[in-house]
Amino acid sequence: MLSPSLFNQQRLAETPRQTPQLNKPQPVSQANPALMQALMLFRSHQLSDLDKATLMDRVDVKFMLPSAFLPSLLTQLQQHYSVLEIGGQRVSRYYNRYLDTAHFDFYYSHHNGKLNRFKVRQRSYLDTHSHFLEVKFKNNKKRTIKSRIPCADLLENQDITHAFMAKHMQTPLSSLQISQVSGYQRIALANEASAERLTLDFNLWFQADKTSQPLSLPQFFIAELKQFKRSKLSPFYQLMAKNHIYPVSFSKYCIGCALLYPNQLKTNAFKPTLTLIDKFAAIQSNTFNWVN
């Protein structure tokens with residue numbers, strides 16, 4: 001989270017939580033030319049260039065920042081990281097379908113602070129037309145272990161998908177249902193020398209299903225630092241510390257569910273994060289003076 005001094009710098013007003021905007025985000029090139037200009041200053045890499053920084057078994061730490069800060073943040077990072085480029089694009093589009101039990105057991109495991117918890121999703125990388133069924137496991141040592149198999153259709157190749165689920169968790173795929181549809185845009189940075197990845201996710205949106213209106217959250221972005229072993233020597237981590245910006249607990253799935261089903265699910269554990277989202281809506285200036 002951000003320090004009180006940063007909030008004072010932006011002159012935030014304490015306002016009640018409002019319903020998120022009901023419109024899908026513009027293409028980033030149209031919505032934020034300053035962001036695209038900052039991205040073009042980075043060296044680029046391809047997926048095949050990553051050796052040490054694939055990090056399917058990792059520790060991670062997340063930060064929430066106002067969207068207005070993203071272009072200036074990128075200028076601070078360009079000497080330390082390269083950016084993933086696919087087909088000439090440096091911003092990627094993600095589409096997710098999350099699965100849960102009828103009683104939202106995966107959601108409540110996170111809400112109630114249970115360790116050794118799971119999340120299940122079908123993820124689509126829209127720019128490469130690739131699709132995966134993924135199981136994310138957060139163990140009691142706070143490591144995230146992600147397993148996945150190619151899967152364009154949950155109803156096809158059921159023998160393979162059922163065997164995959166049986167291998168990685170106790171819950172059979174047939175007992176799950178789609179609980180959330182969501183997506184976002186991502187800038188994927190990497191520092192191969194220090195074996196770390198930094199993802200910057202913005203223009204988040206959530207839907208209860210394909211027929212409902214999307215809830216769009218353009219006012220903030222999530223920066224997630226992924227490492228094999230936690231190190232505060234990371235250039236990004238040090239930049240955050242110098243500017244009094246502190247880690248937060250943020251689950252896209254859980255925050256999406258809390259917003260989509262406020263009358264059906266307990267959300268007490270996520271109220272500080274929901275309040276922070278509203279505060280970021282008041283920040284329009286991108287003139288934050290970074291200390292480096």
Side-chain angles (χ1 to χ4, degrees), residues 1-26 28 31-32 35 60-73 91 93-96 98 104 106-108 110-113 119 121 179-187 198-208 212-225 240 243-286 288:
M1 63 184 296
L2 301 177
S3 70
S5 61
L6 191 151
F7 278 134
N8 291 336
Q9 181 177 351
Q10 297 299 325
R11 300 179 182 177
L12 287 176
E14 294 290 338
T15 56
R17 184 151 62 89
Q18 300 175 355
T19 302
Q21 298 178 24
L22 298 179
N23 57 340
K24 287 188 177 181
Q26 290 180 298
V28 65
N32 199 333
L35 177 58
D60 46 56
V61 60
K62 299 175 183 176
F63 300 81
M64 289 179 65
L65 297 98
S67 293
F69 290 7
L70 186 50
S72 62
L73 172 64
V91 176
R93 297 171 298 155
Y94 284 60
Y95 178 87
N96 300 308
Y98 281 92
F104 287 83
F106 300 157
Y107 170 87
Y108 278 116
H110 193 137
H111 179 276
N112 297 336
K119 291 188 177 72
R121 69 189 175 208
S179 53
Q180 181 194 116
V181 180
S182 63
Y184 49 87
Q185 293 170 296
R186 168 172 287 184
I187 297 167
L198 174 63
T199 56
L200 308 171
D201 296 342
F202 57 101
N203 282 339
L204 278 67
W205 58 268
F206 306 97
Q207 288 175 285
S212 62
Q213 285 287 332
L215 299 178
S216 179
L217 298 176
Q219 63 266 48
F220 70 98
F221 67 97
I222 301 298
E224 183 174 359
L225 180 64
M240 294 297 99
N243 288 274
H244 308 290
I245 302 173
Y246 304 115
V248 298
S249 175
F250 189 98
S251 162
K252 297 186 189 73
Y253 174 62
C254 290
I255 293 301
C257 285
L259 291 169
L260 292 171
Y261 309 110
N263 299 320
Q264 299 171 240
L265 301 177
K266 290 174 57 178
T267 63
N268 293 354
F270 305 124
K271 284 184 178 178
T273 301
L274 297 172
T275 300
L276 197 57
I277 290 172
D278 296 325
K279 290 181 178 180
F280 286 160
I283 298 179
Q284 300 297 325
S285 172
N286 60 2
F288 180 66

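Hydrogens, waters and symmetry mates are skipped; everything else that's a heavy atom, side chains included, is used. Source: prediction; values computed, not measured.
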Are the side chains of [Y] and [X] in contact, using a 4.5 Å heavy-atom criterion?
X	Y	answer
Y184	N96	yes
F270	H110	yes
I222	R186	no
P247	F63	yes
W205	Y95	yes
N243	F288	yes

Return the [atom1] to [atom2] distance between [X] and [Y], rounded to the nearest 0.5 Å.
X	Y	atom1	atom2	result
L217	L204	CG	CG	6.5 Å
R93	N203	CZ	CG	12.5 Å
L65	I245	CG	CD1	5.0 Å

Handout entry: Main-chain N/O of S212 paired to Q207 side chain as donor or acceptor, under 3.5 Å
Key = yes
Exercise for the section: Please confirm whether the backbone N or O of P218 pairs with a side-chain atom of S67, one donor and one acceptor, at under 3.5 Å? Expected result: yes
Practice task
Would you please name every residue forming a salt bridge (charged side-chain N to carboxylate O under 4.0 Å, His left out) with D60, sequence neighbours left out?
Solution key: R58
Practice task
Identify the two heavy atoms, one from R121 and one from Y98, that lie closest to each other, and give their separation to 0.1 Å.
Solution key: NH1-OH, 3.2 Å
Exercise for the section: Over 60° means perpendicular and under 30° means parallel, so classify the ring planes of Y107 and H111, tilted if in between. Expected result: parallel
Side-chain donor-acceptor pairs under 3.5 Å in residues 250-261, sequence neighbours left out?
unit_1, atom_1, unit_2, atom_2, d
S251, OG, Y253, N, 3.4
S251, OG, C254, N, 3.1
K252, NZ, D201, OD2, 2.9
Y253, OH, D100, OD2, 2.6
Y253, OH, S179, OG, 2.9
Y261, OH, S179, O, 2.6

